[in-house]
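Remember, it's 1-based here, ligands and their atoms both numbered in the order they're listed. Values reported hereafter were calculated over all heavy atoms of this structure, with side chains retained and with hydrogens, waters and symmetry mates removed.
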Amino acid sequence: MNANKGATVLHLILIAFYTRYACADDHFKMGVNTNAAEAMQFLREYDREASGMCYRVTLSQWKFVTNITEHNRRRMAEELALSSKFERLSWRKAAAFDVSRVPDPQARRQLMKIVQSSRAALPEDKFTELQQLISEMKEIYNSAKICPFGQKPYDPHVPKVGYLGAEKQEDDRNYPGHQQYKLTNQPYQHYQPYQDNAEYPNYCDMQLDPEITRILAHSRIESELLYVWKSFRDQTGPKLKNSFMRYVQLTNQAAVDTGFRDAGEQMRAAYEDPSFRASAEEVYNQVAPLYKQLHAHVRRRLLQRYSSHGLRADGPIPAHLLGNMWAQNWKSIMDLVMPFPSSPSLDVTSEMLRQGFTPLRMFQMAEEFYTSMGLKALPPEFWRASLLARPQRAGVQCTASAWDFCNRIDYRIKQCTEVSMQDLVSTHHEMAHIQYYLHYAEQPQLFRDGANPAFHEAVANAATLSVYNAPHLQRLGLYNNKSHDQYEVSMNFLMAMALEKVAYLPFAFMVDQWRWSVFEDGVQDMNARWWQMKLRYQGVIPPIPRTEADFDPGSKYHIISDQEYVKYFLATVLEFQIFEQMCRAAGHAGHLHECDVHRSRDAGRLLSEIMQAGSSKPASEIIRTMTRGKTNRISPEAIVKYFRPLELWLRVQNREEPVVGWNSNADDVKLFAPLRAAAISRTASAILLIVCIANQLLL
Ligand SMILES: *[C@@H]1O[C@H](CO)[C@@H](O)[C@H](O)[C@H]1NC(C)=O
Ligand SMILES: *[C@@H]1O[C@H](CO)[C@@H](O)[C@H](O)[C@H]1NC(C)=O
Ligand SMILES: *[C@@H]1O[C@H](CO)[C@@H](O)[C@H](O)[C@H]1NC(C)=O
Ligand SMILES: [Zn+2]
C-alpha cells in the first residue's frame with residue numbers, strides 16, 4: 001500500500017512538473033498573435049460560419065429524429081463530421097491570438113469561449129479517437145437489451161439499433177422538468193407480472209425505454225426489481241469500461257493541452273466561479289436536511305411495503321426500491337408514500353379530456369401564458385414546422401425537445417403531445433426554452449446560450465412552476481377547490497413535487513463529484529468510489545454486492561455520453577430562486593407553491609432580462625441583477641422555502657424515527673468493497689497543491 005502511494009505521488013509530481021502553467025491563475029495557454037483587428041475580423045467570420053454550420057447540423061438532426069431512416073442518419077453523421085472539422089479549425093485560429101491584447105471585453109469573452117470548452121487542442125488522431133469512443137459507448141448503451149424476468153439468457157443475435165448524436169437540445173429524460181408530472185389519485189393498479197402482460201415481449205428484447213423503466217416504476221415485486229436493476233447494469237457498464245478509461249485519459253490530455261489541470265476543471269470553467277466546488281457543496285449542505293426528512297419518511301413507508309430486503313429502520317435504502325434505475329426520481333412510488341391517500345390530488349387530465357382539449361390548444365394556451373406576461377409571440381415558422389402531435393407514420397423519436405436552428409427565423413418544438421396534465425406542463429416547459437432562444441436571438445452565436453450551463457433548464461422550469469399549482473389551474477377553469485380539504489391536497493401536491501425535485505438533488509450532485517474525482521485521482525476503484533458517494537450523499541446502497549468487475553457509473557447515459565451533470569443539480573435549485581423572484585415581482589403574498597405569475601408583466605420583465613443577456617455576461621452578474629443586489633450566487637433558500645410546509649409535516653411524521661438521515665455500518669460498506677482510495681487521493685491532492693505553489697514560485 002505504501003509503495004503504491006509513493007508511486008502515485010511521484011507520478012503526480014511529474015504531471016505537475018510538466019503542466020505547471022495549469023497552476024497559474026489564467027487558464028489559457030495564450031497565442032502570440034497580438035493583432036486585435038485581425039481577431040475582430042476572425043470573430044465576424046466565425047459568427048457567420050458557425051451560425052450556418054449550426055443551422056445545417058440542427059436541420060439534419062431534426063430530419064433524423066423526426067424520420068429515422070438510414071439515409072437521414074448518414075446525412076446527420078456527415079454534417080456532424082463537417083462541424084467537428086470546423087471546430088478544430090476555428091479552435092486553432094482562436095488559440096493563436098493573445099487574448100489579453102484584445103481591447104473589446106465582449107470579443108475577449110468570445111475568443112475564450114471558443115478555446116475553453118473544446119477538446120480541439122488534441123492532435124487530430126486523438127481528437128477523432130475520442131469522438132469515436134464516445135459514440136461507441138453510446139451505441140453500447142443504446143442497444144442494451146435484457147430478457148424478461150425468469151427467461152432464458154440474452155441472445156447475442158438480436159440486431160443492434162443504437163444511433164449517433166442528436167441529443168443536443170434534449171435534457172436528461174429522467175430529469176424532473178421533462179418527467180411526466182403526475183399526481184395520481186387513482187388507486188394503485190395491481191401490477192401484472194410480465195407473463196400475463198402483452199406489453200412485455202416474450203423474448204430477450206427489453207430495452208431501458210420503455211420496458212425496463214416501466215417495470216422499475218410499477219412493479220412491486222422485489223425479486224423482479226432486483227433482476228432488471230442488475231441485468232441492465234450487466235449489459236452496459238462492464239462492456240464499456242475499457243473505453244471509458246481511455247476516454248478519461250484523452251479528455252484529461254485535451255484539458256491539459258488547453259491549459260487546465262484536468263478534464264473536470266475544464267468542465268467547471270463554464271461556471272466562471274473560482275470557488276465553484278465549494279459553492280456547490282455548500283448548496284448541497286443547505287438542502288441536505290430537507291432531503292433527509294424526505295428520505296426518512298420514504299424509508300419508513302418502504303419498510304412497511306417490503307419489510308426487509310436490506311432495509312433497516314436507521315439505514316440507507318437499497319437503490320432498486322425507489323421506482324427508478326438510478327434512484328434519482330422517486331415519483332413512481334407516490335402510491336407508497338402519499339401523505340393523504342384518501343384525498344384527491346391535482347391531476348386535471350380528465351377535466352382536459354372532458355373539455356375537449358387538443359395538442360394545438362395546449363400550445364396556444366402556453367403561448368398565451370407567455371404573451372400575457374409581455375413576452376414574445378411565436379413566429380409563423382414555429383407553427384408551420386413544429387411537430388406537436390404524434391404523427392401517423394413510424395420512425396419518430398418522441399422525446400420532447402425545443403430547437404433553435406441558429407438562423408434567427410426557425411424555432412421548433414418536437415413533442416408527441418397527449419392530452420394530459422403532464423404534457424400541458426411539458427408544453428409550457430419547452431415553450432420557455434423557445435422564449436429563451438427568441439430573447440437572445442440578437443446576440444452573437446457564441447452568446448446564444450444560457451448564462452451558465454444551469455440556466456436554460458432553470459428558466460424553463462421556473463416558468464412552469466406556476467402552471468401546475470392550484471390557483472392557476474383554477475383560473476384556467478380546470479380545477480375547483482370547493483369540495484376538498486385544501487391542506488391535504490397541498491401536502492399531496494408538495495410530496496409529488498418533492499419526489500421529483502428534492503429526491504433528485506443529491507443524485508444530481510454526486511454524479512459529477514464522482515466524475516471529477518476520476519479525472520483528478522485516476523480510474524482505480526471507480527465503482528467503489530461511485531457507491532461510496534451514493535451512500536454519502538443519497539443514502540442508498542446497492543441491493544447486491546458490487547465489485548470492480550462491475551461499472552455502475554457506466555449505466556448512466558450522461559456519464560458515458562460525455563455530458564456534464566452538475567448543471568441539473570444547480571438548475572433544480574436555481575429554478576426556485578428565479579421563481580421566487582418572479583413571484584416577488586408579481587406581488588405574490590403567501591405560500592410560494594401557490595404563486596401564479598400568469599398575466600404579470602413585472603414577472604415577465606424579470607424573466608426577459610435574464611434571457612436577453614444569453615451568455616454574454618457572467619451568471620453572477622445576472623443573478624445579482626435578478627435579486628436586486630442581494631446575492632450573486634445560486635442559493636437554495638427559495639427551494640427550502642417552497643417545501644417548508646411539507647418539511648413541517650415530515651418532521652411530525654418522522655418524530656419516532658431512530659435517525660433522520662442514515663447510519664451506515666460495515667455491512668453496507670462491504671457491499672462495494674473496502675476503500676483505501678479516499679485516503680490516498682486526499683494526500684495526493686494536498687501534495688499536488690504544494691507542488692503547484694512551488695512551481696509558481698519557480699516561475
Ligand atoms: C423521410 O426521409 C426520407 C429519406 O430517407 C424521405 O425520402 C422521406 O420523404 C422522409 N419522410 C418524411 C415524412 O419526411
Ligand atoms: C460574488 O461577489 C463577491 C463579492 O461581492 C465576490 O468576491 C465573488 O467573487 C462573486 N462571485 C462570483 C461567482 O462572481
Ligand atoms: C378556493 O380558491 C379561492 C380562489 O383562489 C380561494 O379564495 C378560497 O379560499 C379557496 N378555498 C379553500 C377552501 O381553500
Ligand atoms: Zn428542458
Side-chain angles (χ1 to χ4, degrees), residues 25 59-78 163 167-181 268-280 282-283 366 385-387 390-397 399-404 411-415 422-423 425-437 449-465 467 500-501 504 508 563 567-568 570-572 574-575 578 611 617-627 629-635:
D25 284 344
L59 188 61
S60 73
Q61 289 174 326
W62 174 271
K63 284 189 173 157
F64 176 70
V65 298
T66 58
N67 179 11
I68 299 172
T69 66
E70 188 48 35
H71 174 260
N72 290 343
R73 194 198 62 76
R74 230 181 5 253
R75 286 297 313 277
M76 180 177 72
E78 284 161 17
Y163 63 83
E167 74 286 344
K168 189 162 152 250
Q169 288 88 348
E170 291 170 14
D171 310 300
D172 184 356
R173 61 181 166 210
N174 289 287
Y175 173 68
H178 284 267
Q179 207 44 263
Q180 299 68 339
Y181 164 71
R268 294 189 296 273
Y271 292 93
E272 304 178 88
D273 178 357
S275 49
F276 180 70
R277 291 178 89 158
S279 312
E282 196 184 319
V283 172
S386 287
L387 190 154
R390 187 186 292 273
Q392 296 294 319
R393 61 201 169 75
V396 180
Q397 194 245 9
T399 330
S401 48
W403 297 61
D404 179 351
Y411 302 92
R412 305 181 194 174
I413 284 175
K414 168 174 74 69
Q415 180 176 282
Q422 85 194 22
D423 278 8
V425 170
S426 173
T427 302
H428 285 74
H429 174 102
E430 298 304 335
M431 206 175 276
H433 283 309
I434 303 280
Q435 287 291 340
Y436 215 146
Y437 300 151
D449 202 353
N452 72 25
F455 262 75
H456 240 294
E457 276 311 295
V459 162
N461 278 337
T464 50
L465 276 178
V467 177
E500 286 199 23
K501 312 259 180 185
Y504 183 57
Q563 296 181 59
K567 69 176 170 205
Y568 294 116
L570 293 169
T572 307
L574 179 60
E575 87 183 60
I578 295 175
M611 297 191 293
K617 293 186 213 165
S620 57
E621 265 179 50
I622 290 173
I623 297 174
R624 193 183 284 291
T625 311
M626 167 184 103
T627 58
K630 207 171 133 214
T631 180
N632 60 357
R633 292 185 179 284
I634 294 180
S635 153

Using heavy atoms and a 4.0 Å limit, tell me yes or no: is Arg393 in contact with ligand 1? yes
What I want to find out is whether Glu70 reaches Arg73 closely enough, with some N-O distance under 4.0 Å, to be called a salt bridge. yes
Are Glu457 and Lys567 side-chain neighbours, meaning at least one heavy-atom pair lies under 4.5 Å? no
For ligand 1, which atoms sit closer than 4.0 Å to a heavy atom of Thr69? 5 (O)
Between ligand 2 and the protein, which N/O pairs fall short of 3.5 Å?
residue: ligand 2; atom: 2 (O); partner: Arg624; partner atom: NH2; Å: 3.3
residue: ligand 2; atom: 2 (O); partner: Asn632; partner atom: ND2; Å: 2.3
residue: ligand 2; atom: 5 (O); partner: Arg624; partner atom: NH2; Å: 3.3
residue: ligand 2; atom: 11 (N); partner: Asn632; partner atom: ND2; Å: 2.9
residue: ligand 2; atom: 14 (O); partner: Ser620; partner atom: OG; Å: 3.3

Before giving the answer on side chain to side chain donor-acceptor pair (under 3.5 Å), spell out for Gln415 and Thr427 the whole-Å C-alpha distance, their side-chain angles and the decisive distance to 0.1 Å. CA-CA 8 Å; Gln415 180 176 282; Thr427 302; 3.1 Å; yes
Kindly give the heavy-atom pair with the smallest separation between Asn452 and Ala619, and that separation in Å. ND2-CB, 3.4 Å
Please step through ring-ring contact (aromatic ring centres under 6.0 Å, His included) for the pair His456 and Tyr437, ending with a clear verdict. CA-CA 10 Å; His456 240 294; Tyr437 300 151; 5.3 Å; yes
Pair Glu575 + Lys501: basic N to acidic O under 4.0 Å: yes
What closest approach, in Å, do Val65 and Lys414 show between heavy atoms, and which atom pair accounts for it? CG2-CE, 3.6 Å
For the Zn ion (ligand 4), the closest N/O/S atom belonging to His433: NE2
Check: Thr627 side chain, Ile623 main-chain N or O, donor-acceptor pair, under 3.5 Å: yes
Answer yes or no for His429: is there an N/O/S atom below the 2.8 Å cut-off from the Zn ion (ligand 4)? yes
From Glu430, does some N, O or S atom reach closer than 2.8 Å to the Zn ion (ligand 4)? no
Which atom, counting only N, O or S, brings Glu457 closest to the Zn ion (ligand 4)? OE2
So the atoms of ligand 1 within less than 4.0 Å of a heavy atom of His71 turn out to be 4 (C), 5 (O)
Kindly say whether Asn72 contributes a backbone atom to a donor-acceptor pair with the side chain of Thr69 at under 3.5 angstrom? yes
